[in-house]
Amino acid sequence: MFSMAKLYSRKMINTFGGFFFSKEEKNVNTAFTLPNLESTIYDMFLAGAETTAITISFGFLILAKYPEIQDKVHKEIDQVIGREKEPRADDRKHMQYTIAFIHEMQRYSDVMPLVHLDAPQST
């Protein structure tokens, strides 16, 4: 059996996951194992990446279908951020149309993939 203390540095022990690993190291029945952590991180990354990609694709489709919306969003981005400076989080408060487009696009689109569950019996 490997030691979590050897695997993780003190900096890692101070993190949320490291805290649980350090507390659960001696518990043989714990669910806080390295394979479970890796699986959870992988699932979260994959789900987030897929949802983000679908949302961005749907946004591009809406902008392609409605060029007047694309023009308004583009003009607002050019006015607030311009072409020379880096975008910053506080620029968002000056981009009401773009933020409204993003929220409306997320509300309108259904980015959750359809899931088919095969249950042995109805519940």
Side-chain angles (χ1 to χ4, degrees):
M1 181 170 169
F2 67 93
S3 169
M4 289 291 179
K6 290 179 184 174
L7 184 61
Y8 294 102
S9 68
R10 184 70 197 152
K11 191 173 184 179
M12 177 59 183
I13 296 294
N14 291 335
T15 65
F16 184 73
F19 172 78
F20 282 109
F21 277 133
S22 67
K23 296 292 183 189
E24 292 289 318
E25 184 174 20
K26 293 175 179 64
N27 183 356
V28 294
N29 296 321
T30 185
F32 294 106
T33 63
L34 189 58
N36 281 353
L37 176 65
E38 289 171 347
S39 176
T40 301
I41 290 172
Y42 178 76
D43 289 346
M44 290 172 59
F45 177 77
L46 187 63
E50 183 179 4
T51 303
T52 301
I54 292 169
T55 301
I56 290 171
S57 297
F58 196 80
F60 284 146
L61 288 172
I62 291 173
L63 292 174
K65 185 173 182 177
Y66 299 102
E68 65 278 6
I69 295 174
Q70 180 181 359
D71 289 340
K72 287 180 181 180
V73 169
H74 191 261
K75 285 177 186 173
E76 186 175 66
I77 291 171
D78 280 346
Q79 288 173 350
V80 175
I81 299 171
R83 298 189 181 261
E84 299 299 321
K85 80 172 197 170
E86 295 278 327
R88 297 183 341 195
D90 55 330
D91 290 332
R92 293 179 64 198
K93 61 185 169 195
H94 303 293
M95 301 177 69
Q96 289 86 16
Y97 189 83
T98 302
I99 298 301
F101 164 73
I102 292 169
H103 289 168
E104 184 63 14
M105 184 251 324
Q106 289 175 330
R107 184 195 66 81
Y108 181 74
S109 65
D110 183 16
V111 298
M112 287 297 296
L114 296 175
V115 177
H116 177 71
L117 299 175
D118 278 331
Q121 65 185 25
S122 297
T123 55

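Nothing fancy with the numbering, it's 1 onward along the sequence. This one's a predicted model, so the numbers in the text were calculated from it and none came from an experiment.
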Mind jotting down which residue pairs meet the salt bridge (Lys or Arg N to Asp or Glu O under 4.0 Å) criterion with at least one end in residues 57-72? Sequence neighbours excluded, please.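 Found none.
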Next item on the list: Not counting sequence neighbours, list each pair that qualifies as a salt bridge (Lys or Arg N to Asp or Glu O under 4.0 Å) and has a residue in residues 91-102.
Entry: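 Passing the test, one end in residues 91-102: Lys85-Asp91.
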Which residues pass the side chain to side chain contact (heavy atoms under 4.5 Å, CB included) test with His94, sequence neighbours left out?
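For His94 the side chain to side chain contact (heavy atoms under 4.5 Å, CB included) partners, ignoring immediate neighbours, are Val80.
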- Message: Rounded at 0.5 Å granularity, tell me how far CD1 in Ile62 sits from CD in Gln70.
- Response: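 Between atom CD1 of Ile62 and atom CD of Gln70 there are 12.0 Å.
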Which donor-acceptor pairs under 3.5 Å do the side chains of residues 97-104 make with protein atoms, sequence neighbours left out?
unit_1: Thr98; atom_1: OG1; unit_2: Glu76; atom_2: OE1; d: 2.5
unit_1: Glu104; atom_1: OE1; unit_2: Arg107; atom_2: NE; d: 3.1
unit_1: Glu104; atom_1: OE2; unit_2: Arg107; atom_2: NE; d: 3.3
unit_1: Glu104; atom_1: OE2; unit_2: Arg107; atom_2: NH2; d: 2.4

- What residues form a salt bridge (Lys or Arg N to Asp or Glu O under 4.0 Å) with Asp43, not counting sequence neighbours?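 Here no residue qualifies.
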(Q) Test of understanding: clusters of I, L, V, M, F, W, Y form through side-chain heavy atoms closer than 4.5 Å, transitively. Do Tyr66 and Leu61 belong to the same one? (A)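 No, Tyr66 and Leu61 fall in different hydrophobic clusters.
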For residues Thr55 and Met105, report the shortest heavy-atom separation together with the two atoms involved.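 Here Thr55 and Met105 meet closest at O-SD, 3.4 Å.
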